Amino acid sequence: MFNRSILCFLGLLCLAPLCAQTPLRVAAAADLEPVLPPLLEQFRQATGIRAEATFSASAVLAAQIQNGAPFDLFLSADLGYPKRLIDAGLADAAGTADSSTPIVYAKGTLVLWARKDSSLPPPSLDLLRNAGLKRLAVANPERAPYGRAAVAALTRLKLYDALKPRLVTAENISQAAQFVDSGNADAGLISLTSALTPRLAANGAYFVIPRDLYPPIEQGAVIVSKTTQRAAVHKLLDFLLSANVQAQLAKSGLTPVH
Amino acid sequence: MDWQAFALTLKLATVTTAILLAMAVPLAALLVLGRSRWLAALEALAALPLVLPPTVLGFFLLVLLGPRTAIGRGITSLLGHPLAFSFVGLVVGSVIYSLPFALQPLVAGFAAIDSALVDAARLLGAGPARLVFSLLVPLARRSLVAAAVLSFLHTVGEFGVVLMLGGDIPGATRTLSIVLYNQVENFDYAAANRTAAILLALSVVALAAIYAGGRRSGGRYA
């Protein structure tokens with residue numbers, strides 16, 4: 001009797017996903033936080049499929065997926081973490097030309113941002129050489145793709161050794177922006193997506209770091225292999241890569257892939 | 001193992017504990033012996049760091065101590081640099097963050113002392129300082145040890161405030177909990193396990209030493 005009720009319960013649990021559509025769970029890199037929510041709302045209106053995003057540093061999300069987090073799609077800020085999940089057999093890019101390579105959905109842009117009320121000159125490469133620059137905020141170069149790009153650019157400019165003692169390392173790109181916006185750091189190397197948010201746009205000014213100074217910040221997507229909603233995930237990926245959405249990405253500080 | 005971070009963590013916890021005890025003993029005595037009705041508000045205020053998530057507390061401190069507030073500007077002109085991203089900044093953050101852990105055991109300990117003893121001491125002419133240091137503190141020695149141990153350990157394990165306020169600068173603000181977090185985030189689980197094991201082992205040794213000292217000098221402890 002008891003066994004039968006357990007079986008019934010388990011049977012119902014299996015049926016539950018068929019009755020009500022569970023929302024797609026999207027693990028998204030922190031630089032997408034200002035960008036993704038309106039896009040997901042458009043996606044819901046166009047397809048009727050609900051999708052919810054969780055934002056964190058790409059490395060954190062990758063570790064969570066590695067340990068069984070119930071995500072369907074992973075939008076990283078780089079290609080390394082998605083590739084690592086593919087190699088571990090936990091994610092794939094099935095349905096695309098090469099199922100073992102993450103799908104590039106956008107490219108990131110690195111900017112130097114400072115508050116307008118700063119006593120230093122407005123952001124430019126010269127600001128990085130200014131002796132008055134006491135604290136420069138960067139995201140952690142060991143795991144944040146924008147942090148890696150920042151260190152690459154400083155190294156390329158031959159400024160890294162001189163600036164190293166003045167760097168303050170933030171957990172992710174949003175925190176790097178916070179360090180500067182709160183006035184504790186004089187300037188920061190952050191994402192253009194952050195610099196274009198209403199708050200930062202009102203409080204400060206940015207300078208786009210020339211693209212030849214750092215390797216491209218290619219942002220890769222992978223499907224978490226154990227998803228039960230593969231068809232819906234593909235719809236969302238197609239949506240993100242559509243011309244219309246890619247044009248919107250450009251307005252929010254990401255470079256379209258085509 | 002990052003010994004620089006280890007030494008920094010011990011230094012931070014020691015300095016924080018010393019400051020906290022110096023602050024919490026008079027504050028706890030005031031709360032227990034005082035008569036003003038404002039003391040309830042003061043006690044509530046002192047317990048507030050328990051409510052806020054550490055990263056949120058760290059964020060508020062970052063803003064409050066930053067050059068965009070009058071307090072922050074005052075401190076900056078005094079020290080010559082902003083408090084954030086410096087060891088002193090971490091000390092300030094840790095003292096606020098761990099204050100309830102120093103204060104609560106002391107308040108409980110002082111309150112448990114027979115009020116007849118306090119009244120007798122007062123009748124015999126003991127001033128407030130004498131009352132605290134010759135009566136309350138010796139009688140509540142166990143609470144003092146508990147306050148010190150809790151403050152120390154809470155600071156060693158502190159993470160959110162340091163993450164927000166520190167800026168991960170080796171030798172200045174990179175504590176063991178940050179190193180451990182970095183190792184986990186970088187998928188270096190073997191190193192993270194080593195760091196965690198050493199941290200736990202040393203904490204057990206330090207705690208055992210403190211408790212053993214408490215037993216010896218007290219004759220009867222706990």
Side-chain angles (χ1 to χ4, degrees), chain A residues 30 56-67 80-81 83-85 87-88 90 114-120 132 134-145 147-148 163-172 174-186 188 199 203-204, chain B residues 2 5 54-56 58-76 79-90 92-93 159-175 177-189 191-192:
Chain A
S56 194
S58 302
V60 176
L61 296 168
Q64 287 176 343
I65 292 169
Q66 230 166 21
N67 289 292
Y81 294 112
K83 182 70 180 140
R84 201 187 296 226
L85 291 178
D87 292 343
L90 295 166
R115 286 187 61 92
K116 280 177 190 155
D117 56 13
S118 158
S119 55
L120 297 171
K134 298 283 184 237
R135 304 257 187 220
L136 177 67
V138 295
N140 191 320
E142 281 175 25
R143 53 176 174 275
R148 271 201 300 273
L163 282 174
K164 201 174 174 202
R166 288 183 266 164
L167 292 184
V168 283
T169 310
E171 166 55 15
N172 56 43
S174 315
Q175 202 196 354
Q178 231 166 48
F179 281 168
V180 191
D181 187 41
S182 63
N184 286 293
D186 304 306
R199 183 183 166 85
N203 288 351
Chain B
D2 188 337
T55 41
V56 176
F59 172 71
F60 284 144
L61 287 174
L62 183 73
V63 174
L64 183 75
L65 303 177
R68 302 191 32 75
T69 65
I71 299 175
R73 275 193 299 274
I75 295 171
T76 307
L79 287 179
H81 61 85
L83 263 187
F85 320 129
S86 72
F87 179 75
V88 186
L90 288 196
V92 171
F159 173 70
V161 175
V162 180
L163 183 76
M164 295 305 289
L165 205 56
D168 196 7
I169 298 168
T173 60
R174 181 182 287 170
T175 60
S177 59
I178 298 284
V179 169
L180 193 50
Y181 179 70
N182 284 341
Q183 287 166 341
V184 170
E185 288 297 290
N186 296 336
F187 298 90
D188 194 354
Y189 297 144

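None of the values given here were measured: they were computed from a predicted structure. Labels below follow one simple rule: chain letters A, B, ... track the order of the sequence lines, proteins then strands, and each chain is numbered from 1.
- A:Val60 approaches B:Tyr181 most closely through the heavy-atom pair CG2-OH, 4.1 Å.
- For A:Ala59, the parts sitting under 4.5 Å from any heavy atom of chain B are the backbone and the side chain alike.
- Residue A:Gln175 touches chain B through its side chain alone, counting heavy-atom pairs closer than 4.5 Å.
- The closest side-chain heavy-atom distance from B:Asn182 to A:Arg143 is below 4.5 Å.
- Contacts of A:Ala57 with chain B are absent, with no heavy-atom separation under 4.5 Å from either backbone or side chain.
- Looking at every heavy atom in both residues, A:Phe179 comes nearest to B:Met164 through CE2-O, 3.1 Å.
- With a 4.5 angstrom heavy-atom cutoff, A:Asp181 touches chain B only via backbone atoms.
- Atom CZ of A:Arg135 is separated from atom NE2 of B:His81 by 7.5 Å, given to the nearest 0.5 angstrom.
- Taking the side chain as every heavy atom from C-beta outward, B:Ile169 and A:Thr169 never approach each other to under 4.5 Å.
- Of the possible donor and acceptor atoms, one in the side chain of A:Asn184 sits under 3.5 Å from a partner among the backbone N and O of B:Leu62.
- Looking at every heavy atom in both residues, A:Gly183 comes nearest to B:Pro67 through O-CG, 2.7 Å.
- In this structure the side chain of B:Arg68 reaches within 4.5 angstrom of the side chain of A:Arg115, judged on heavy atoms.
- Rounding to the nearest 0.5 Å places CG of B:Leu61 at 11.5 Å from OG of A:Ser182.
- Heavy-atom neighbours of A:Arg166 CZ from other residues, nucleotides or ligands within 6.0 Å: above the threshold of 12.
- Across B:Pro82, B:Pro170, B:Gly66, the residue that shares the most heavy-atom pairs under 4.5 angstrom with chain A is B:Gly66.
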